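Worksheet: one structure, shown below.
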Amino acid sequence: MISKKTKYAIKALMVLGRNYGKEPMQIIKIAEEERIPKKFLEQILLEMRNAGILYSKKGAGGGYSLNKAPEDIFLSQVMRLIDGPIALLPCVSLNFYRSCDECTEEHACGIRDTFVDVRNAMLQILNDTSIASLINKEKELGFGLD
């Protein structure tokens, strides 16, 4: 299960993606639009700014905007940034590998082998899903239509 923090990060990126190429958005507007607690959103946006995903501008007309096109921001990078490992077991993680304490023969572990397949299938989807594709999917599903 993804954390609420990751879900909020994705929702904020989608708002900013729909606003891409326009003036920066204020935190309060994003928070209200997606019903995200403002203080929590501030932390999330700062984290994404520090990672280079977002740009921030201070002062009048300030706020946050995407630092890259929505087509170039993928769920895998957002999830890793906010929550760390995507893999469900530490012994199958690509970026956060750690052997399992109770495992004596990792190469012969059926559990590990199965979860490598799960990780690969999940990564295929997450690496192929951009913020732009989520925005387009919402349009197809009728999001925002009255």
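Just so it is clear, the values below take in all heavy atoms, side chains as well, and ignore hydrogens, waters and symmetry mates. The structure presented is a predicted model; accordingly, all values stated were derived computationally and were not measured.
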Check: Y55 main-chain N/O paired with N67 side-chain donor or acceptor under 3.5 Å: no
Quick one: pull up CG in L46 and OG in S56 and give me the separation to the nearest 0.5 Å. 8.0 Å
Can you get from L123 to I73 by hopping between Ile, Leu, Val, Met, Phe, Trp and Tyr side chains that sit under 4.5 Å apart? yes
Is it possible for you to say whether L16 and I135 belong to one hydrophobic cluster, with membership spreading through side-chain heavy-atom contacts below 4.5 Å? yes
Taking the six-membered ring for Trp, are the ring centroids of F40 and Y8 within less than 6.0 Å of each other? yes
Using the test side chain to side chain contact (heavy atoms under 4.5 Å, CB included), find all partners of E140 that sit at least two apart in sequence or belong to another chain. none
Residues pairing under salt bridge (charged side-chain N to carboxylate O under 4.0 Å, His left out) where one sits in residues 93-117, two or more places apart or in two chains, turn out to be E106-R112
In Å, rounded to the nearest 0.5 Å, how long is the span from CE of M25 to NZ of K57? 15.0 Å
Decide, yes or no, whether a salt bridge links R18 with E34 under the criterion of side-chain N to carboxylate O below 4.0 Å. yes
Start with the C-alpha gap between I44 and M48, add the side-chain angles, then the distance that decides, and say whether side chain to side chain contact (heavy atoms under 4.5 Å, CB included) holds. CA-CA 6 Å; I44 294 167; M48 290 194 292; 3.8 Å; yes
Give a yes or no answer on whether the side chain of N120 reaches the backbone of Q124 with a donor-acceptor pair at less than 3.5 Å. no
Are the side chain of T6 and the backbone N or O of I2 linked by a donor-acceptor pair below 3.5 Å? no
Side-chain ion pair, R49 and E42, N-O less than 4.0 Å: no
How close do S93 and Y97 get, heavy atom to heavy atom, and via which atoms? O-CB, 3.5 Å
If you take all heavy atoms of P70 and S130, which pair is closest and at what distance? O-CB, 3.5 Å
Heavy atoms from other residues, nucleotides or ligands near NZ of K68 exceed 12 (cutoff 6.0 Å): yes
From CD1 (I36) to NZ (K4), nearest 0.5 Å: 10.5 Å
Answer whether the closest heavy-atom distance between the side chains of L54 and L13 falls below 4.5 Å. yes
Out of curiosity, I131 CD1 to N136 CG, how far, rounded to the nearest 0.5 Å? 11.5 Å
Side chains of L41 and I28: does their closest heavy-atom pair fall under 4.5 Å? no
Should L94 and I86 be counted in the same cluster of Ile, Leu, Val, Met, Phe, Trp and Tyr side chains packed under 4.5 Å apart? yes
Heavy-atom side-chain contact between K5 and E47 under 4.5 Å: yes
For I111, look at atom CD1 and say whether over 12 heavy atoms of other residues, nucleotides or ligands are found less than 6.0 Å away. no
For C91 and S99, the nearest pair of non-hydrogen atoms, with its separation, is CB-CA, 4.5 Å
For the side chain of R119 and the backbone of V92, is there at least one donor-acceptor N/O pair under 3.5 Å apart? yes
What distance separates K7 NZ from I82 CD1, expressed to the nearest 0.5 Å? 15.0 Å
CA sep, side-chain torsions, deciding dist, call: K11, E33, side chain to side chain contact (heavy atoms under 4.5 Å, CB included): CA-CA 10 Å; K11 288 170 130 315; E33 192 169 319; over 6 Å; no
Using the rule that Ile, Leu, Val, Met, Phe, Trp and Tyr join whenever any side-chain heavy atoms are under 4.5 Å apart, tell me whether L66 and F74 fall into a single cluster. no
I need the K38 NZ to Q43 CD distance, nearest 0.5 Å. 11.5 Å
Single-linkage hydrophobic cluster M79~V15, side-chain heavy atoms < 4.5 angstrom: yes
Is there a donor-acceptor pair closer than 3.5 Å between any side-chain N or O of T114 and the backbone N or O of G110? yes
